[in-house]
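Reviewing the structure listed below.
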Amino acid sequence: MPSAVVIGSGFGGIASALRLKSLGLDVHLVERLASIGGRAQFFEHHQYKHDAGPTVITAPFLFDELFALFGEQRSDAIEFRELSPWYRFIYPDGDHFDYGGSIEHTLDQIKRICPQDCAGYQALVDHSKAIYQVGFEQLADQPFHHFSSMLKQIPRLASLRCDRSVWDVVNKYLTHDKLKQAFSIQPLLVGGSPFDTTSIYGLIHYLERAYGIHFAMGGTGALVKALENLMLRQGVSIQTNATVSEIIFSKRRACGVKLATGEQIAADYVVFNGDPMHMYRNMIADPLLPMQTRLKRDTSKLSMGLYVLFFGTDRQYQDVAHHTIWLGKRYKELLDDIFHRQILADDFSLYIHRPTATDASFAPAGHDSFYVLAPVPHQGANINWQQQEPQLRERIVHALDATLLPNLKQHIQAPFAMTPDDFASDYLSHLGAGFSIAPLFRQSAWFRFHNKAEGFENLFLTGAGTHPGAGMPGVISSAKVVARLVQDAMEKKAA
Ligand SMILES: Cc1cc2nc3c(=O)[nH]c(=O)nc-3n(C[C@H](O)[C@H](O)[C@H](O)COP(=O)(O)OP(=O)(O)OC[C@H]3O[C@@H](n4cnc5c(N)ncnc54)[C@H](O)[C@@H]3O)c2cc1C
């Protein structure tokens with residue numbers, strides 16, 4: 001039986017392990033942390049539970065497919081509950097906008113803010129659908145490691161003007177600033193500024209409209225657990241607390257991996273699920289890398305960093321939605337500070353997660369569990385997080401105390417935080433970036449790190465830094481590409 005070693009257990013690694021297992025390979029998954037899930041770690045801190053990363057499930061069918069590979073039903077293992085609203089936007093003047101549910105409901109909300117934008121919104125949804133039909137349905141699970149595959153797609157991508165940014169497109173259809181912000185902010189969920197991210201990511205809007213937004217009951221951590229159980233039932237072997245330091249090659253063939261302890265694991269196929277910027281810097285000797293890969297590694301622009309503050313409260317904030325986007329006064333200027341000027345500004349915009357709005361198991365009765373996320377510059381900005389973290393925490397708690405979470409200062413419990421330093425040391429993410437390389441047009445499809453490492457016969461990449469990109473739908477789609485490429489390689493070997 002051919003064997004595969006998968007390095008890293010984010011959703012890309014888990015989905016690759018399952019797909020390769022379903023192809024009949026003997027699969028060994030290696031993860032450096034104590035538990036699997038990658039950025040979807042699950043913390044139990046004092047009496048509170050917290051998902052560390054992804055919480056918004058936008059393409060539930062991608063998870064269903066993983067269970068269906070083995071004739072099982074996802075719904076038997078974990079419940080996905082549709083949320084309403086999907087997100088609540090809170091503006092600096094205290095106004096809010098509830099987004100989600102039927103298109104009529106969204107139009108009613110838009111009418112309240114700017115009736116003239118109703119027609120534009122419908123045109124925006126149509127545009128997003130057209131991008132979705134190409135970008136998601138046709139390209140997300142296709143390999144892009146040959147330039148010819150890119151050339152073939154250029155007319156379609158050009159007709160949809162994917163060279164424009166998400167902001168450019170939203171700006172074309174909507175006039176009111178509040179609505180432009182609400183409908184352009186999604187690229188931050190995959191690591192890009194709306195002003196720079198290719199409008200291919202405008203498809204997220206249609207993905208939400210078509211399938212809704214769901215929450216995994218028990219948290220994303222429970223979803224990881226359900227997938228872990230599926231892997232174990234199917235005979236995938238899982239090794240945690242094990243860091244791969246090197247990929248071992250014989251000529252142009254990867255023949256296994258070496259762990260930091262010196263232990264070696266042989267395999268016919270190697271799949272890497274960490275940050276490609278890390279792998280191409282630290283795990284393969286430079287002379288083995290083709291010039292094209294080194295160039296990409298040395299010139300790629302990274303996504304932003306993330307500051308995540310976790311806490312509980314000894315009271316409940318019943319009026320706070322499950323997902324809230326709390327917008328500060330500055331929009332483009334703040335994003336420029338984060339992405340271009342790379343400074344830690346005094347102000348911020350926040351994403352606030354209150355799982356207890358849907359699932360009481362995250363906190364004791366009468367309490368809430370929260371995480372608050374602020375996009376910040378990555379480590380390239382040389383911010384001293386040991387000094388800055390307590391100050392940023394204080395500013396955020398102060399701002400929420402004065403607005404969304406009255407008297408938070410008196411009710412906050414058991415706070416702790418993650419900064420870009422933690423993303424670098426925990427996940428080996430280059431410069432602590434939240435989502436590997438940024439979702440720019442010049443870093444998409446063929447221009448992104450390839451799912452098949454160039455120059456090697458049997459080394460594959462899955463996860464946020466590879467095609468199609470970050471976010472759970474992206475990385476799970478990248479595993480489909482990897483499975484297809486491994487299958488091709490096995491057929492070629494057998495022929
Ligand atoms: C705070 C936050 C919120 C987010 N919210 C959402 C959301 O709501 N919806 C959504 O769809 N997406 C969201 N995302 C994005 C999404 O979580 C990620 O893009 C996706 O989970 C990344 O998966 P991945 O397959 O790239 O692997 P990762 O999650 O990056 O995991 C890679 C794993 O590989 C391991 N590893 C790396 N190198 C080695 C090595 N050498 N040896 C052994 N192990 C190694 C790491 O420890 C890590 O566990 C969010 C991300 C963050 C950080």
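If you're wondering where the values come from, they're calculated on a predicted model, not measured in any experiment. Numbering of ligands and ligand atoms starts at 1, following listing order.
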Contacts table for ligand 1: protein N or O within a distance under 3.5 Å of ligand N or O, distances only.
from, atom 1, to, atom 2, distance (Å)
ligand 1, 8 (O), T55, N, 3.1
ligand 1, 8 (O), V56, N, 2.8
ligand 1, 9 (N), V56, O, 3.1
ligand 1, 11 (O), M472, N, 2.8
ligand 1, 19 (O), G471, N, 2.9
ligand 1, 25 (O), G12, N, 2.8
ligand 1, 25 (O), N273, ND2, 2.8
ligand 1, 26 (O), A464, N, 2.8
ligand 1, 29 (O), R39, N, 2.8
ligand 1, 30 (O), R39, NH1, 2.5
ligand 1, 41 (N), V244, O, 2.9
ligand 1, 42 (N), V244, N, 2.9
ligand 1, 44 (N), R32, N, 3.3
ligand 1, 47 (O), E31, OE2, 2.8
ligand 1, 49 (O), E31, OE1, 2.7
ligand 1, 49 (O), E31, OE2, 3.0

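- Judged as a side-chain contact (heavy atoms from CB on, under 4.5 Å), and not counting sequence neighbours, the contacts of T55 are D51, H323, Y351, H353, Y371.
- Salt-bridge annotation for R253 and E457: present, with a side-chain N of the basic residue lying under 4.0 Å from a carboxylate O of the acidic one.
- Judged by the 6.0 Å distance and 45° axis criteria, K452 is not positioned over the aromatic ring of W446.
- Legend: salt bridge (charged side-chain N to carboxylate O under 4.0 Å, His left out) pairs involving residues 214-239, not counting sequence neighbours, sorted by first then second residue: E72-R233, K225-E228.
- By the 4.0 Å N-to-carboxylate-O rule, R39 lies too far from D426 to be salt-bridged with it.
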Listed pairs under 3.5 Å, donor-acceptor, residues 77-86 side chains, sequence neighbours left out:
from, atom 1, to, atom 2, distance (Å)
E79, OE1, R81, NH2, 3.4
E79, OE2, R81, NE, 3.0
E79, OE2, R81, NH2, 3.2
W86, NE1, L83, O, 3.4

